[in-house]
Structures are given as structure tokens and as C-alpha cells.
Amino acid sequence: MIREEGRGQATSLIPASEAARTSGYPGIEAKMQPSSPTPDIVTIGILALQGAFAEHQVMLQKASLKRRVVIVLVRQQEDLDKCDALIIPGGESTTIALLARLAGLLEPIREFLKTKPVWGTCAGAILLSRSVEGAKKGGQELLGGISITIERNGFGSQVESFEAPLEVESLREANRPFHGIFIRAPVVIGLNPSPTDPPIQIISRISASLLPTSQTAVPLDEDDTDPRDSRTIVALRQGLHLLTTFHPELTKDDRFHEYFVRECVLPTLSSRSSSPA
Ligand SMILES: NC(=O)CC[C@H](N)C(=O)O
């Protein structure tokens, strides 16, 4: 099932017991907004093997979040074990996968994905996909949390990297476009959820008129799930996870980071802490 997402839901509070559980980890603390009634803490890991992890870290530190966020740069399993959520940055997906295998992180992240939210940006989006086309010779290891097929460098080579304004209805101040930076970006070429998978929610599509001229995507009706139409999808969610084919961390706009914490991370914390032990 595929659905286009409307406005986001309100976040829930994290009980003090949860804050106690996550406190005391070495990491970097992002600022807490005064509106938070309790010193709730959420621990977000950033896979820091290659690529734009430092930019995600800076953005999370500056982001206007309603919770205190402890940031953990994840390089080994014991870092991952501290995290409530994980961001996989852009960079080079084959290299990140190789380094993750060498660090013994591929299987732990696959396990992590089953219960905790993960956000993949660009190369991270490739890793989060269930299958990939255009992989380097020798293949490409994936994590596979989201049931889509994605095409590496699907908009073309470096010279066809581009920037474009995106409409994203679920972000705060939704009438202000989000500046999408696409660098050798992957393209969503198929949505393949099985009947038992959570539904895929489309968060943003790029207007076909803004795509590089080499692209021939034809925008169809909003509800049409024709695979051709998937090429205009640039942000989507499935279950706990978020995928963006562009780089929000390379902008000065914190709204995607705020969205991930508010919509993907905090609801899982509150549901975990309210479920019976
Ligand atoms: N900006 C990026 O993350 C590019 C992704 C890169 N094309 C890859 O395949 O991994």
C-alpha cells in the first residue's frame, strides 16, 4: 500500500525513566529548547565511516528540537548499541557498505532496523533500499529496511548534480520550499512493498520539470503507483524509517532533522516505554 503523507502528528512525552536509561553516554549534546517540560534525552547515532556525517552532526546540534539530543558517531557496534535511532549519511554507498562490513556493523544495523528508526540520505538511501540497480562491478551490499528498488546515480553523473526547491507538506512551515541538493543522487525506480510490509508514505516528489534534461520521467496522477512515476519521489517513509535522495544536511535548514526526530524517533520511544516489560 502506498499513501501520500499529510500533516504530521503531535509528539508524545518521554517519561523520566526513559531519559535515565539513555543518559550518561559519551556523545555530543545538541541544545534543548526551553519548551521541553522535562529533561528528556534522545540518543541519535550517525554512521561515521565515510561521507557527510559531520554535516549531520552540526545540523543536529543546531536543530530546533523539543528534546535534548545526544549524538553518537557510530563506528563500532558498541556505539550503535547506545542509540535510539540512526542516520546514514550521503557519501559513497559501496565504500560505506564495505567499511561497515569491516567494522562488523552490517548485521548489527540490519537488526537495529527491525525495531529502531533509521534515516538514509543519498548514499544512505541506497543502503536502506531492498534492491539496487547500477551497482558497481562486484555488487553492492545493502541493509534493506525499505522495500523499494533504487538506481545508483540515476539522475546521471556528477555534471548532472542539481539543486531544486521541494514542496514537503509534512515539514513545519510547509509553505516554505525545502532546498533539495542532489549530488549523483539515486532515483527511486520501484516501490515493492509486500502485503506484510508497512505502507510506503511519499513525503515529497520533485516536479518533473525541475529534473535534469536527461530524465524523461512523466508525472502521473498523485495516486497513481505506476513505477514510472516513482522517479519523481525524493523523500519517503516506510514503518520507522525515512529516506531522502538529497542532502538536507548540506543546507542551513533544520526542518528534515526536526521532522525525523519528531515523527520517526520520538513516537518509537514513547511506544517502547509504554509497552509492558
Ligand atoms: N551524494 C551521494 O551520497 C552520492 C551517492 C553515490 N552516488 C553512491 O552511489 O553511493
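Hydrogens, waters and symmetry mates play no part in the numbers below; they use all other heavy atoms, side chains included. Ligands are counted one by one from 1 in listed order, and the atoms in each one are counted from 1 as well. Residue numbers start at 1 and run along the sequence shown.
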| I183: hydrophobic cluster co-members (side-chain, 4.5 Å) | I181, L250
| said: Looking only at the side chains, is there a donor atom on one of E167 and S204 sitting less than 3.5 Å from an acceptor on the other? | reply: no
| Results of side-chain hydrogen bond (donor to acceptor under 3.5 Å, both in side chains) for E133 - residues two or more places apart only | none
| Strictly under 6.0 Å, is that where the ring centroids of F246 and F256 end up? | yes
Pick out the protein N or O atoms lying less than 3.5 Å from any N or O of ligand 1, and list each pair with its distance.
| residue | atom | partner | partner atom | Å |
| --- | --- | --- | --- | --- |
| ligand 1 | 1 (N) | I183 | O | 2.9 |
| ligand 1 | 1 (N) | H247 | NE2 | 2.8 |
| ligand 1 | 3 (O) | G91 | N | 2.9 |
| ligand 1 | 3 (O) | G91 | O | 3.2 |
| ligand 1 | 3 (O) | A123 | N | 3.0 |
| ligand 1 | 7 (N) | N153 | OD1 | 2.5 |
| ligand 1 | 7 (N) | R184 | O | 3.0 |
| ligand 1 | 9 (O) | S93 | OG | 3.2 |
| ligand 1 | 9 (O) | R152 | NE | 2.6 |
| ligand 1 | 9 (O) | R152 | NH2 | 3.2 |
| ligand 1 | 10 (O) | S93 | N | 2.5 |
| ligand 1 | 10 (O) | S93 | OG | 2.8 |

| request: Can you run down the ring-ring contact (aromatic ring centres under 6.0 Å, His included) pairs that involve residues 67-107, sequence neighbours left out, and say none if there aren't any? | output: none
| query | Is the cationic atom of R75 (NZ for Lys, CZ for Arg) positioned less than 6.0 Å from the six-membered ring centroid of F53 and within 45 degrees of its normal? | reply | yes
